[in-house]
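In what follows, a single structure is set out as structure tokens and then discussed.
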2 protein chains.
Amino acid sequence: MVQVFDLKAKVKNSRSASCSPGIPCKIPPSYEISPETLETVKEVMDEDVSDTVAGLKALADPMRVRILKALRIADLCVCVLVELMDCEYSKLSYHLGVLKKAGLIECTQDGNFLIYHLTEFGEKKITSFGIF
Amino acid sequence: MVQVFDLKAKVKNSRSASCSPGIPCKIPPSYEISPETLETVKEVMDEDVSDTVAGLKALADPMRVRILKALRIADLCVCVLVELMDCEYSKLSYHLGVLKKAGLIECTQDGNFLIYHLTEFGEKKITSFGIF
DNA sequence: AAGATATTTAAAATATATTTGAAATGAAAA
DNA sequence: TTTTCATTTCAAATATATTTTAAATATCTT
């Protein structure tokens, strides 16, 4: 997934004086990008974002956000969540699975029941993401 | 989108002593949910999460995160971004559109060029969401 | 053991999001 | 004023995510 940029290889015969080194297009005269800045930009763009994105994806769903908000108040078993969310078990289970895989929630078994609770990681996430 | 819960209407003939009021299933004996807690849970679950989720969705994509990271370093025109991301204009444009619609970025026109920059809102978001 | 309950899993159906490629737009240069 | 350039828009193709329904598990109760 890590991309290596070789912009120089793409430079066309660009005649503009304001063209940034390694950038084939003629960038507008109103702003200049120093080679140093461009280097920094390339660096941050090369950083791996897959963890960040995976976390965001797990959160980016109304059902899942509501589940997290609920679990922030109390640990809840699936049967109670099903009633609160007014949905099928299988549907709820799918979303619980997504949250679990993302490490945001966990469950403990009590006989037939599974009681879900926020992980510390999940707690932190929803706090920093401003979900209350 | 706001759902109203009427759990009482759903109570079946539940015989378990540990059943929470208004919850048809027999919740496990290892934990009790007080009616007050349950009320609080219902309240937070009824809150509207659509803005939260829309914001998260806009962020939950590797390309978009990389764009935001880049714009955090410098304002960039589309032609430069195209090179840095190594992708088609139309593809980039789609993602820029998503970020723009979410209010995370804006652009200013300079002749033929569009120079994109983070909004203050976008700046705040990516900071609080731990995207650096 | 047999039946009931709570929950998950699997597979198909559906919905949503992204990518692609071509055409459209609008400003600048020739 | 025709051409070129930077960019967006559109529609079709593709990919990904979610929902649905039925069946599978596992634990309890009898």
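Per chain, numbering begins at 1; letters A, B, ... match sequence-line order. Everything numeric in this text was worked out from a predicted model, so none of it was measured.
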*asked:* Distance check needed: C:dT16 P versus B:Lys57 NZ, whole Å only.
replied: 9 Å
*Taking atom CD of A:Glu88 as the centre, report whether more than 12 heavy atoms of other residues, nucleotides or ligands fall under 6.0 Å from it.*
no
*Could you state the CZ-P distance from B:Phe113 to D:dA6, rounded to the nearest angstrom?*
5 Å
Might you list the N or O atoms of the protein lying below 3.5 Å from N or O atoms in nucleotides 1-3 of chain D, with each pair's distance?
none

*With sequence neighbours excluded, residues passing side-chain contact (heavy atoms from CB on, under 4.5 Å) with A:Lys124*: none
*Residues two or more places apart in sequence or in another chain: which of them pass side-chain contact (heavy atoms from CB on, under 4.5 Å) with B:Lys69?*
A:Val44, A:Glu47, A:Val49, B:Val65, B:Ile131
*Starting at atom OH of B:Tyr94, determine the distance to atom C1' of C:dG21, rounded to an integer number of angstrom.*
17 Å
_Closest contact, heavy atoms only, A:Phe129 versus B:Ser128_ = CD1-O, 4.4 Å
*How close or far is atom P of D:dT7 from atom CG of B:Leu76, stated in whole angstroms?*
11 Å
*Sequence neighbours left out, what passes side-chain contact (heavy atoms from CB on, under 4.5 Å) with A:Thr108? Give chain and number order.*
A:Ile115, A:His117
_Nearest-nucleotide pick for B:Leu96, side chain only, options being C:dT8, D:dT8, D:dA17_ = D:dT8
*May I ask you to decide whether A:Lys100 forms a salt bridge with A:Glu106, counting only side-chain N to carboxylate O separations under 4.0 Å?*
no
*Rounded to whole angstrom units, what separation is found between the CG atom of A:Asp61 and the P atom of C:dT16?*
12 Å
*If you take all heavy atoms of A:Ala58 and A:Leu104, which pair is closest and at what distance?*
CB-CD1, 4.1 Å
_Regarding B:Thr37 and B:Thr40, do their side chains bring together a donor and an acceptor under 3.5 Å, going by distance alone?_
no
*Please state how far atom OH in A:Tyr89 lies from atom P in D:dT25, giving the value in whole angstrom units.*
19 Å
*State, to 0.1 Å, how close B:Asp48 and B:Ser50 come at their nearest heavy-atom pair, and which atoms those are.*
OD2-OG, 2.8 Å
*Roughly how far apart are A:Leu96 CG and A:Met63 CE, rounded to 0.5 Å?*
8.5 Å
*In whole angstrom, what separates B:Lys91's NZ from D:dT9's P?*
18 Å
Produce the list of close N/O pairs, under 3.5 Å, pairing protein atoms with atoms of nucleotides 22-28 of chain C; give distances to one decimal.
from: C:dG26; atom 1: N2; to: B:Asn112; atom 2: OD1; distance (Å): 2.8

*Search all heavy atoms of A:Ala102 against all heavy atoms of A:Phe121 and return the closest pair with its distance.*
O-CE2, 3.5 Å
*Could you spell out the base pairing of DNA chain C in dot-bracket, with Watson-Crick or G-U pairs whose two distances are under 3.5 Å, [ ] crossing and | to another strand?*
||||||||||||||||||||||||||||||
_Spacing between B:Leu92 atom CG and D:dT8 atom C1', to the nearest angstrom_ = 11 Å
*Below 4.0 angstrom from OP1 or OP2 of C:dA17, is there any side-chain N or O of B:His95?*
no
